[in-house]
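Take a look at the structure below.
Throughout, numbering of the chain's residues begins at 1 and tracks the sequence. No hydrogens, no waters, no symmetry mates; every other heavy atom, side chains included, goes into these values. Just so it is clear, the model here is predicted, and its values are computed rather than measured.
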Amino acid sequence: RPGEMEEDVEENIVVRDLPKDCKEWTSETMEATHAEVSNFTVQNLRPPMQVMITRSRQHFGKACKFSDSGENLQNCRPHKDPNFALQRKELELGIQAVREVKTCACQTTWFRPVNKSTQYSPADFLPKDAGLGYDKVDELTEFLTAVSVSVEEALQTNETVDIFQEEFAHLGSEETGDVSKASSNLQEIRTFTDVGFTKGKRVEWIEWVPNSTDMLVSSYCENAHFCDKIDNMGKAGNSSILIWSFQDSLAPHANLVAPWEVTIFKFYPTDPKYVIGGLSSGQLAVWKLSDADLGLALREKNKSGNNVEEEKTSAIPSIPHKVVSIIDDSHKKAVVAIEFLPATIELERRGRGASEKHPKDGPVKYFLTIAGDGQVMIWDFQALLESINDADLQWKPVHKVQLQRQDSGTEMGCCQIIYCHDRLDDKGNKLLTNFFASTEEGELIYGDWGAQAGEDRKPEFVKQIFTVSKTFRPMLSLERSPFFSEILLGVTDWAFYLWKDDLWKDGIKEPLFQSSYTSTTFTRGVWSPTRPSVIFLGLVSGGIDIWDFSDQSHKASLSAPVTSLPISSMSFLKHGDLYHDQKLAIGDAGGNTHVHVIPKNLVKQAGSKELDNMRKFLNREEQRVRYFEERKKELAALKEQMEKQAQVAADEDKEEKSKNVVDQDKADATAESMYRKLQIECLEELGLLKTRES
């Protein structure tokens, strides 16, 4: 039958999947394409030309002066060249401008609702041999009943896992503080400037008035170039220390007049009415303030209800200096640091030593000064107060030492000084004459003004010098941590360093921590008065970098803009309620003094263990430094041992070579003698020996 025959034929069809044979590629237009490409190819018909342009040696680097001159003017008039014939062709071309037409379409996404359903059988998901487990239905019911309430609450409150959440976005934000939030911006509340006093000057130093949260004092210096300073060197002028009040930010509250620029000043701790200032001439000046100058009278007027506008319109009071030190016995360069000694200190004769004879709550008697001439001077302020009204008063230091380098013996230019508190020697005795200072090349030194001279050597006032932070630029800040008395902060142009006193006692001259180098140079650095792990650093760009070691230690946690000019001075308010009203005074190179309120996350400690965490961080850094120091010593000893072994091996090889040479000579001599003997025997047997002898 035909139908059955067709079915048999379809059942006998065999399909074979074989690879396709690749044949040679052929194209009808291949030769035409090659010919067309060769027509557009430029072929060189001659070798390339070589041109050399030279110039006389005498004209190298010679300055050229171009000017207009009427002698070399040439007129180029058009003329007809008979050797050149211009052939022109006319071309008819029509152009029609039409607007471009572009067709585009846009389709928004529309998720239209679609009704769907699915149906499955439990047998599709269970193995064929597995039981259905109907005996555990009761346990499953109890489990679902127990967890249904909590699962429903979790779904309602959206406490399930968010798959789009960044896992490390809020890591450590509650425990270690997160200062990079928008709420960490510094809020400026006051800006103090005066055209008559601060124009063209920079804020050199800032101090807050003791026992006052709304008054501060600033000193100003000229922004002059070095050549201008040389021209005006030795010429006395008028400089100002301005007292500012929050009640009147438009005009200074008082003006302290100085004969020279005031590079640094501090309030006398025992009596805040006295201000001690270091001048650019190397002298010291003392001002005595009244209650009205300190703002006490102004507060009384406000309390009594008097008009403040009358006080604003009154003239700014000028306060002259009370005492100036003798210039011959003062520093040779500008005074850059003042450090008060503890009230218990009493110097021995000629400053050879010190002892604790006075009570701790007594008046402060001595203070230290340092300058770029490398001299450390000790001044007796109590003796000055006793004879301040004498007509023939000559104020000079009670003791001074000259700091010199240990290797070359040259004078050291110093920038900062800090007195060493509670330092003991090897026998457990308290050292009272030690200090830390920084140099104009960025180094840190440890000195002793009470060092004694030997029989054949001069006294060594510089005990140790640490060159790790040497940048050939002055160290900008040197401060002690308010929470760790053995930790010092040193700020240079490109980095800051944390030093620890215990490492120096063990002979380790490495810093505890060194920051990474920054692209914007630093100008100042201060510790936070309430957070042990926060450091504020002023930048030359006008901003502030805030380092929080409880957050990260490889870079700044926050950068806050302050002004467009370089920052020249920074000072925290260190009295009052610091946790509710913490203020930071910042001075710039334009003579402006900005007062900022520190946000809460930079005031309140990040958790109750921030102090312990910072101590652990410092201990880890100390262990790291000690480990590297031990490894350095081990590697140095290993290197020395390997060099000795190499030298011994070289000596042994040399001896062995010389011994081999001697043995070879002996062997050659023995072989030569044996050869001679054998030669004689052969000649005797052949009878040639007698013939030769005859």
Does [X] come within less than 4.0 Å of [Y], counting only side-chain N to carboxylate O?
X	Y	result
Glu441	Arg473	no
Lys500	Glu621	no
Lys333	Asp373	no
Lys609	Asp612	no
Lys632	Glu634	no

Could you check whether any side-chain N or O of [X] sits under 3.5 Å from a backbone N or O of [Y], counting only pairs where one atom can act as donor and the other as acceptor?
X	Y	answer
Gln552	Ser550	no
Thr41	Val37	yes
Thr263	Val335	yes
Asp493	Thr523	no
Ser569	Val203	no

Residues Lys555, Ser515; criterion side-chain contact (heavy atoms from CB on, under 4.5 Å); working and verdict: CA-CA 8 Å; Lys555 65 178 181 178; Ser515 68; over 6 Å; no
Considering non-hydrogen atoms only, spot the tightest contact between [X] and [Y] and give its length.
X	Y	answer
Ser281	Gln283	OG-OE1, 3.0 Å
Thr467	Glu443	CG2-OE2, 3.6 Å
Pro532	Gln605	CD-NE2, 3.8 Å
Val468	Lys509	CG2-O, 3.2 Å
Ser528	Pro482	O-CG, 3.7 Å
Ser438	Met475	CB-SD, 3.5 Å

Counting C-beta onward and ignoring hydrogens, is there a side-chain heavy-atom pair between [X] and [Y] closer than 4.5 Å?
X	Y	answer
Phe484	Leu611	yes
Ile546	Leu602	yes
Leu584	Met570	yes
Thr520	Val540	yes
Ile535	Asp548	no
Ser568	Arg524	no
Leu476	Thr492	no
Ser557	Asp551	yes

Could you grab the distance from atom [atom1] of [X] to atom [atom2] of [Y], nearest 0.5 Å is fine?
X	Y	atom1	atom2	result
Leu686	Glu684	CG	CD	10.5 Å
Ile465	Lys470	CD1	NZ	7.5 Å
Leu539	Thr563	CG	OG1	12.0 Å
Glu479	Ile487	CD	CD1	14.0 Å
Thr471	Glu440	OG1	CD	11.5 Å
Leu279	Leu284	CG	CG	7.0 Å

Verify side-chain contact (heavy atoms from CB on, under 4.5 Å) between Glu610 and Ser533, making sure each step is shown before the conclusion. CA-CA 7 Å; Glu610 180 178 351; Ser533 60; 2.5 Å; yes
Given the rule in the ring pair (Phe, Tyr, Trp, His ring centres under 6.0 Å) test, do Phe536 and Phe572 qualify, once you have shown the distances and angles that lead to the verdict? CA-CA 10 Å; Phe536 291 78; Phe572 266 105; 5.1 Å; yes
From the list Gln402, Gln375, Arg405, side-chain contact (heavy atoms from CB on, under 4.5 Å) partner of Glu411 resolves to Gln402
Val336 pairs by side-chain contact (heavy atoms from CB on, under 4.5 Å) with which of Ile264, Ile370, Thr369? Ile370
Applying side-chain contact (heavy atoms from CB on, under 4.5 Å) to Glu356 and Lys430, what does each step give before you reach the verdict? CA-CA 10 Å; Glu356 293 182 334; Lys430 194 172 183 179; 3.0 Å; yes
If you take the centroid of each ring, where Trp contributes its six-membered ring, are Phe617 and Phe549 closer together than 6.0 Å? yes
Would Asp545 and Ser559 count as having a side-chain donor-acceptor pair, cut-off 3.5 Å? yes
Hey, is [atom1] on [X] packed in by over 12 heavy atoms from elsewhere, all under 6.0 Å?
X	atom1	value
Lys463	NZ	yes
Tyr675	OH	no
Lys400	NZ	yes

Is the ring pair Trp499/Phe466 parallel, tilted or perpendicular, if the boundaries are 30 and 60 degrees? tilted
Look at the aromatic rings of Phe496 and Phe513 and report parallel, tilted or perpendicular, splitting at 30° and 60°. tilted
Under the criterion side chain to side chain donor-acceptor pair (under 3.5 Å), I'd like the reasoning laid out for Asp668 against Gln664: C-alpha separation, chi angles, the key distance, then a yes or no. CA-CA 6 Å; Asp668 293 343; Gln664 186 67 28; 3.3 Å; yes
Can you tell which of Glu629, Glu622, Glu630 makes a salt bridge (Lys or Arg N to Asp or Glu O under 4.0 Å) with Arg626? Glu622
Evaluate side-chain contact (heavy atoms from CB on, under 4.5 Å) for Phe340 paired with Tyr366, printing each intermediate quantity in order. CA-CA 6 Å; Phe340 287 97; Tyr366 300 101; over 6 Å; no
Given the rule in the ring pair (Phe, Tyr, Trp, His ring centres under 6.0 Å) test, do Tyr446 and Phe436 qualify, once you have shown the distances and angles that lead to the verdict? CA-CA 5 Å; Tyr446 169 69; Phe436 295 108; 5.4 Å; yes
Side chain to side chain donor-acceptor pair (under 3.5 Å) assessment of Asp448 paired with Thr433: CA-CA 5 Å; Asp448 182 8; Thr433 59; 2.4 Å; yes
